[in-house]
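Every number for a ligand or one of its atoms is a count from 1 in the order of the listing.
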Amino acid sequence: MGGKQTRIIAVANEKGGVGKTVTVVNLGAALNKEGKSVLVVDMDPQFNATKGLGVDVKEEMLTVYDLIKDTASIKASDAIVPTRWKGLDLIPSHVDLAGAEVELVDEVGRENRLKEALESISGEYDFILLDTPPSLSLLTVNVLAYAKEVIVPCQTHPYSYDALDELFDTIFTIKENINPDINVTGVVATLFDTRTRVSRRILEKLKNDDRYKDLLFDTVVRVNTTIAESAGVGKPVIFFRQNSYGSSDYTSLAKELLTTR
Ligand SMILES: Nc1ncnc2c1ncn2[C@@H]1O[C@H](COP(=O)(O)OP(=O)(O)OP(=O)(O)O)[C@@H](O)[C@H]1O
Ligand SMILES: [Mg+2]
């Protein structure tokens with residue numbers, strides 16, 4: 001077991017398309033560039049984080065699905081795959097993960113499967129970043145039962161802002177019932193478009209809302225087509241095009257995260 005003080009961070013929001021996966025992949029890469037060792041755990045059956053890190057899931061590869069299905073005989077270390085970037089590793093996901101939901105339903109302690117599976121690697125990384133699906137599924141609950149911190153990406157759009165309330169309720173319920181150690185580290189405004197009034201208005205609301213203002217990261221992630229392009233070629237934006245808004249925004253977010261706690 002390694003001796004690191006691993007920060008275990010879930011990136012969560014029940015709303016879809018708000019930048020969870022992009023944040024996991026690019027924050028992970030930016031932390032790695034800052035010299036930190038990072039493990040990304042892809043807990044979404046859409047496996048976009050896996051693709052975003054350029055990993056092709058092959059038949060014989062173990063995924064997070066195998067891990068939570070069979071915590072007794074499969075070791076977490078066997079499911080970890082390296083990416084092309086040293087110190088940035090991944091536990092991949094697979095469409096089969098969607099089935100885990102059904103298979104775990106009747107099992108005792110089903111919400112602690114991921115935690116049990118990953119206990120053996122605690123201390124091996126500086127950061128473990130967990131991507132979640134856009135729903136409060138059993139998979140998301142497994143992530144929130146294990147994580148110590150949550151980063152909440154909030155798209156600068158009214159629907160996303162309105163949904164924050166419910167998300168915070170969910171996290172509070174988890175804290176009360178399953179995982180007293182969990183706390184929200186920060187809310188990050190994403191998909192910010194300076195040219196649109198709606199983006200600016202929602203950012204102002206976040207900055208002035210008593211519920212969120214102390215949690216809001218100073219970094220605002222701007223809309224940047226390079227981010228989408230880099231996902232398409234399976235590379236974090238920082239390694240794809242260092243001179244881009246995407247690269248500088250996620251670098252700045254990583255630096256901010258390193259100063260919190
Ligand atoms: N800052 C950005 N600039 C441009 N495009 C972005 C940015 N952030 C995310 N996107 C794009 O927006 C879409 C949604 O982003 P992402 O997949 O990260 O959201 P998500 O919250 O993980 O979605 P889901 O809930 O489906 O998992 C993707 O096509 C992604 O490439
Ligand atoms: Mg996603």
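Here the CD1 atom belonging to I238 is positioned 10.5 Å from the OG atom belonging to S230, to the nearest 0.5 angstrom. To the nearest 0.5 Å, atoms CD1 (I151) and CG (L27) are separated by 5.5 Å. In this structure, L206 CG and L216 CG are separated by 5.5 Å, a value rounded to the nearest 0.5 Å. L31 contributes atom CG, which lies 12.0 Å from atom OH of Y250 (distance to the nearest 0.5 angstrom). Between the CG atom in L129 and the CG atom in L90 there is a gap of 11.0 Å [rounded to 0.5 Å]. If you take OH on Y65 and CD1 on I74, they are separated by 10.5 Å, rounding to the nearest 0.5 Å.
A heavy-atom separation below 4.0 Å is found between V223 and ligand 1. Using a 4.0 angstrom heavy-atom cutoff, A231 does not count as in contact with ligand 1. Using a 4.0 Å cutoff on heavy atoms, V18 counts as a contact of ligand 1.
Under 4.0 angstrom from ligand 1, there are no non-hydrogen atoms of T23.
When only interatomic distances are considered, the shortest N/O to N/O separation between V221 and ligand 1 does not fall below 3.5 Å. For ligand 1, the polar-atom distance check finds no N/O of G16 at less than 3.5 Å from any of the ligand's N/O atoms.
Among E14, K15, K20, the residue whose heavy atom lies nearest to atom 21 (O) of ligand 1 is K20. For atom 3 (N) of ligand 1, the candidate residues are N48, T190, N224, T132; the nearest heavy-atom contact is made by N224. Of the listed residues (Q155, Q46, R222), the one carrying the non-hydrogen atom nearest atom 26 (O) of ligand 1 is Q46. Comparing T21, V22, D131 by heavy-atom distance to atom 8 (N) of ligand 1, the nearest is V22.
Ring geometry for W85 against F239 counts as parallel: the plane angle stays under 30°, on a 0 to 90° scale with 60° as the upper cut.
Only protein atoms were considered; those of element N, O or S under 2.8 Å from the Mg ion (ligand 2) number 1.
Partner D66 forms a side chain to side chain contact (heavy atoms under 4.5 Å, CB included) with one of I68, D70, T63 and no other, that one being T63. Between E256 and the options T219, T251, T185, a side chain to side chain donor-acceptor pair (under 3.5 Å) holds for only T219.
Given atom 10 (N) of ligand 1, the protein heavy atom at minimum distance is L191 CD2, 3.9 Å. Scanning all protein heavy atoms for the shortest distance to atom 19 (O) of ligand 1 gives G19 N, 3.0 Å.
Within the 4.0 Å cut-off (strictly below), a protein heavy atom is located near atom 24 (P) of ligand 1. Distance check on atom 13 (C) of ligand 1: every protein heavy atom falls at or beyond the 4.0 Å cut-off. Protein heavy atoms are found less than 4.0 angstrom from atom 6 (C) of ligand 1.
Clustering ILVMFWY residues whenever any of their side-chain heavy atoms sit less than 4.5 angstrom apart, transitively, puts L88 in the very cluster that holds M61. One hydrophobic cluster, built from ILVMFWY side chains closer than 4.5 Å, cannot hold both F240 and Y245; they sit in different ones.
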Is there a side-chain hydrogen bond (donor to acceptor under 3.5 Å, both in side chains) between T21 and D131 once you walk through the steps? CA-CA 6 Å; T21 302; D131 193 20; 2.7 Å; yes

